[in-house]
There are 2 protein chains.
Amino acid sequence: MFTRRMTKQRQVVLEELKKLTSHPTAEELHQIVRHRLPGISIATVYRNLEILCEEGNAQKIDVAGTRRRFDGDTSTHYHVRCARCGRVEDLPIDPFPQIEETARKNCKHRVLTHRVEVVGICPDCEHLERDALTF
Amino acid sequence: MFTRRMTKQRQVVLEELKKLTSHPTAEELHQIVRHRLPGISIATVYRNLEILCEEGNAQKIDVAGTRRRFDGDTSTHYHVRCARCGRVEDLPIDPFPQIEETARKNCKHRVLTHRVEVVGICPDCEHLERDALTF
DNA sequence: ATACGTGCAAACCGTTTGCTAAGGG
DNA sequence: CCCTTAGCAAACGGTTTGCACGTAT
């Protein structure tokens, strides 16, 4: 069988992800983890994030064409993404159970979960654009 | 200024996308368009899909998948995605205006749009999995 | 002692881009 | 005619993988 080992690298990746609320990309998390483990490779970060998600200790925030982000908060919650810089924040709104209920009623899928994402331009990027236009 | 030209390629890409309700990837659409234009390249399909989206004649379905999918239906509507095969279908449920309203109230973003996606396993994949497990 | 995990670099894969030729307006 | 667009192939960027060594159990 398969015995999972708690290596230093895995532990630090998990700990640092759980500390963050910034929905980091693998690369961002890699930079952070390097403060504690300078030699850790990006591949190891990816592999451990994958394992974390498998185990249900984290989740991927996947948008095609952008960098994948990871979230140490596995409760059901929604996100706001900046269309320009890609940063993701939590959206303070209660989940709508109707979404999965409707899906169960009307689709033949075995429903697993649902995702809601608001897309907008964050204040920082708004200012940048204004500057760029005004120049 | 900039004058957009209606080439044969652009026209066929648009026409074929509008015919479909299957939310194809660029590659899938490329295969279909090739029946009418055997020499068309995947780059041309990508470029024209990008233009279609800019013009508001199509939209990208970018939530939770590796491959980007495109939708010729630009009205606000939600999707169900199979976590196994990646296929996307429309979800017959009325949009929730509260989602964007809440975002406008509680975030400082300039809200542009929102996306809702139910993730599940489609019947086909369910059977495949069962077969695989039973075999 | 025995695999599982790591670091490294190369492979991968969907998407984008630079270039040159073609053709729409 | 001019300038956008197409086709081709190479580049790109994030993610994954093969390999040999290291290390937790």
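Every chain is numbered from 1, with letters handed out A, B, ... down the list of sequences.
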Under 3.5 Å, N/O pairs linking protein and nucleotides 17-20 of chain C:
| from | atom 1 | to | atom 2 | distance (Å) |
| --- | --- | --- | --- | --- |
| dG18(C) | O6 | R47(B) | NH1 | 3.3 |

Positions of residues 9-25 of chain B (non-hydrogen atom under 4.0 Å from DNA chain D), listed by number
Q9(B), R10(B)
Going by the ring pair (Phe, Tyr, Trp, His ring centres under 6.0 Å) test, which pairs reach into residues 79-98 of chain A, not counting sequence neighbours?
H23(A)-H79(A), H77(A)-H79(A), F96(A)-F96(B)
Could you state the atom-to-atom distance from CD of E27(A) to P of dC12(D) in whole Å?
16 Å
Please enumerate all residues that pass side-chain contact (heavy atoms from CB on, under 4.5 Å) together with E55(B), with sequence neighbours excluded.
R4(B), I51(B), N57(B)
Taking R68(A) for the side chain and K60(A) for the main chain, is one N or O donor matched with an acceptor at less than 3.5 Å?
no
So do N106(A) and L91(B) actually touch side chain to side chain, heavy atoms under 4.5 Å?
no
Quick check: is I40(B) connected to I32(B) through a chain of hydrophobic side chains (ILVMFWY, heavy atoms under 4.5 Å apart)?
yes
Are the charged groups of R104(B) and E100(B) less than 4.0 angstrom apart, N to O?
yes
Could you tell me how far apart E50(A) (CD) and dT6(C) (P) are, to the nearest whole angstrom?
14 Å
Among residues 29-41 of chain B, which contact DNA chain D at a heavy-atom distance under 4.0 Å?
G39(B), I40(B), S41(B)
Side chains of T7(A) and T44(A), heavy atoms from C-beta outward: is any pair under 4.5 Å?
no
Round to the nearest Å and state the distance from L52(A) atom CG to dG5(C) atom C1'.
15 Å
Okay, side chain of R115(A), backbone of I61(A): is any donor-acceptor separation there less than 3.5 Å?
no
Atom pair distance, as rounded to whole Å: NZ in K60(B) and C1' in dG14(C):
13 Å
Would the distance check show the side chain of R81(B) and the main-chain N or O of E117(B) forming a donor-acceptor pair, the cut-off being under 3.5 Å?
no
note: I42(B), atom CD1; dA11(D), atom C1'; distance rounded to Å ~ 16 Å
Verify, without hydrogens or angle tests, whether R84(A) (side chain) and D124(A) (backbone) share a donor-acceptor contact under 3.5 angstrom.
no
With a cut-off of less than 4.0 Å, is there a side-chain N or O of R68(B) near OP1 or OP2 of dT16(C)?
yes
Contact pattern, 5' to 3', of nucleotides 20-25 of chain D - B, S or - by protein heavy atom under 4.0 Å
---BBS
Between K19(B) and E16(B), does any NZ, NE, NH1 or NH2 come within less than 4.0 Å of an OD or OE carboxylate oxygen?
yes
Hey, could you give me the OG1/CD distance between T113(A) and Q59(A), rounded to the nearest 0.5 Å?
7.5 Å
Nucleotide dG13(D), atom P - distance to CZ of R69(A) in whole Å:
17 Å
Should the pair E126(B)-K108(A) be classified as a salt bridge under the 4.0 Å nitrogen-to-oxygen rule?
no
